[in-house]
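Atoms within each ligand, like the ligands themselves, are counted from 1 in listed order. Reckoned from all heavy atoms, side chains included, excluding hydrogens, waters and symmetry mates.
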Amino acid sequence: MQSIPGNQVLDAEGLDAADPLRSMRDQFELPEGVIYLNGNSLGPLPRATKARMAEVVEQEWGAGLIRSWNNAGWVDLPQRIGSMIAPLVGAESDEVIVADSTSVNLFKLIHAGLKLNAGRTKVVTELGNFPTDLYVLQGVERDTAIKLCAVPREQILDVIDEDTALVVLTHVHYKSGEMFDLKAVTDLAHSVGALILWDLSHSTGAVPVALSAAGVDLALGCGYKYLNGGPGAPSFLYVAKRHQDHFEQPLTGWFGHAQPFAMSDQFEPAVGMTRALCGTPPVLGCVALEEGVRLVREVDMAEVRRKSIALSEFFIEQVETRLIQFGFELASPRESDRRGSQISLRHPEAYPIMQALIAAGVIGDFRAPDILRFGFAPLYTRFVDVEQAVCQLEHVMLSQGWRDPQFQVRAAVT
Ligand SMILES: *Cc1c(COP(=O)(O)O)cnc(C)c1O
């Protein structure tokens with residue numbers, strides 16, 4: 001990539017030199033000439049994953065064949081990785097399991113939450129929540145007696161009431177990066193007898209979460225964002241221990257059975273989180289996720305949060321001094337304790353600007369209609385990366401490079 005002189009390079013380098021997490025970057029494969037600010041959408045490849053995947057494919061699958069279900073521990077991967085994720089979200093090791101996609105787990109947990117709070121029919125969510133969360137809720141509404149109440153963020157606290165069975169919210173908003181006060185909203189839901197289901201897709205691995213301490217009922221999250229589990233990595237789900245004996249999910253497949261290999265004609269749920277499983281675990285996806293999670297477990301989440309805030313503040317300060325003149329607006333909260341680990345900017349030409357920026361080697365992403373997103377994953381993002389990203393964005397605006405016709409065509413994935 002071109003190097004454009006920035007006047008704060010020394011500051012950024014100084015901040016990197018003082019960064020206690022700086023050595024973690026070496027654990028990732030990051031291509032030369034690329035500044036990767038999209039780990040909130042797809043985490044990069046950990047070096048260990050590459051070697052471990054080769055081993056699993058060649059040894060465990062290739063040579064071990066079906067014997068590896070027992071001999072290589074494939075059959076326990078969902079529980080094992082779940083227990084590794086548990087401390088990252090402030091849960092006990094037997095409160096988390098890995099399975100399926102986030103969308104499928106939403107379906108399971110929404111149904112399960114409604115059964116745990118039977119008699120009530122209202123489900124509260126945020127208008128503008130991540131689309132799959134809304135779509136799964138709409139499907140459940142279509143097929144059951146629930147009444148979905150989707151309202152703008154500012155009204156959510158007002159509509160949670162004695163009729164509410166379940167509140168379904170995303171902790172850190174995918175578009176704005178805005179973060180709910182997880183404990184306060186959980187307490188409010190509980191004060192009127194509602195249960196709460198938190199989607200932690202944009203929090204896990206980037207923001208400390210304390211599910212048990214907050215008394216959260218149900219939660220789930222994504223494996224391929226800040227957990228670096230690889231494209232389409234399996235998701236994880238959490239059910240508070242106090243609900244586990246009554247927890248009933250609708251996808252009663254054989255891996256959720258008390259004894260799958262008894263091959264019984266009658267479903268009987270397994271004890272604990274295992275009943276959240278449906279079918280055969282995706283072994284290759286699980287193995288990749290395990291390596292990603294292993295890396296996040298090496299660091300202190302409080303340290304991760306400190307760096308995330310420092311990177312974000314550094315970015316905002318530079319945006320405010322260098323980019324506001326081009327019509328960018330901050331689309332994330334200005335107060336760091338109300339944000340996750342991403343900063344979003346609003347601009348009417350957001351799409352072609354992001355395409356031009358990506359062509360210049362700085363990878364963020366676009367969310368319709370007018371948002372440029374920049375994720376600051378603390379394990380591998382440096383302050384010099386943030387500085388260079390702002391330099392390149394300034395260059396794209398000054399040169400008007402974004403006007404090039406090639407940047408106007410919308411790709412399938414933005
Ligand atoms: C990324 C994300 C998902 C992803 O769902 P998939 O089933 O993996 O496609 C769901 N919800 C939220 C809030 C997300 O950020």
(request) Using a 4.0 Å heavy-atom cut-off, say whether Thr170 meets ligand 1 through its side chain, its backbone, both or neither. (result) side chain
(request) Using the ring of Phe328 (Phe, Tyr or Trp, six-membered ring only), decide whether Arg322 places NZ or CZ under 6.0 Å from its centre and within 45 degrees of its axis. (result) no
(message) Between Glu60 and Arg52, does any NZ, NE, NH1 or NH2 come within less than 4.0 Å of an OD or OE carboxylate oxygen?
(response) yes
(request) Would you kindly specify which portion of Ser201 sits under 4.0 Å from ligand 1, judged on non-hydrogen atoms: side chain, backbone, both or neither? (result) side chain
(request) Identify whether the distance between the nearest side-chain nitrogen and carboxylate oxygen of Glu178 and Arg339 falls below 4.0 Å. (result) no
(message) Any non-hydrogen side-chain atom of Phe130 less than 4.5 Å from a side-chain atom of Ser201?
(response) no
(request) Write out the residue and atom name of the closest protein heavy atom to atom 2 (C) of ligand 1, then the distance separating them to 0.1 Å. (result) Lys225 NZ, 2.4 Å
(request) Report yes or no: is the cationic atom of Arg410 (NZ for Lys, CZ for Arg) under 6.0 Å from the centre of the six-membered ring of Tyr351, at an angle within 45° of the ring normal? (result) yes
(message) I'd like to check whether Asp199 has a polar contact with ligand 1, where a contact means an N/O of the residue lying under 3.5 Å from an N/O of the ligand.
(response) yes
(request) Determine whether Glu95 and Gln244 make a side-chain contact, defined as any pair of heavy atoms from C-beta on separated by less than 4.5 Å. (result) yes
(request) Identify, for atom 4 (C) of ligand 1, the protein heavy atom at the shortest distance, and state residue, atom and that distance. (result) Tyr224 OH, 3.2 Å
(request) Mind checking whether Asp133 contacts ligand 1 via backbone (N, CA, C, O), side chain (CB onward), both or neither, at a 4.0 Å heavy-atom cut-off? (result) side chain
(message) I need the atoms of ligand 1 closer than 4.0 Å to a non-hydrogen atom of Ser101, numbered in the order shown.
(response) 7 (O)
(message) Using salt bridge (charged side-chain N to carboxylate O under 4.0 Å, His left out), reason through Asp365 and Arg367 one step at a time and then give a plain yes or no.
(response) CA-CA 7 Å; Asp365 68 10; Arg367 285 292 175 265; 3.7 Å; yes
(message) Among all the protein's non-hydrogen atoms, which is closest to atom 5 (O) of ligand 1, and how far away is it?
(response) Thr102 CB, 3.4 Å
(request) Go through ligand 1 atom by atom and flag the ones less than 4.0 Å from a non-hydrogen atom of His202. (result) 15 (O)
(request) Considering heavy atoms of the protein only, find what lies nearest to atom 7 (O) of ligand 1 and give residue, atom and distance to 0.1 Å. (result) Ser103 OG, 2.6 Å
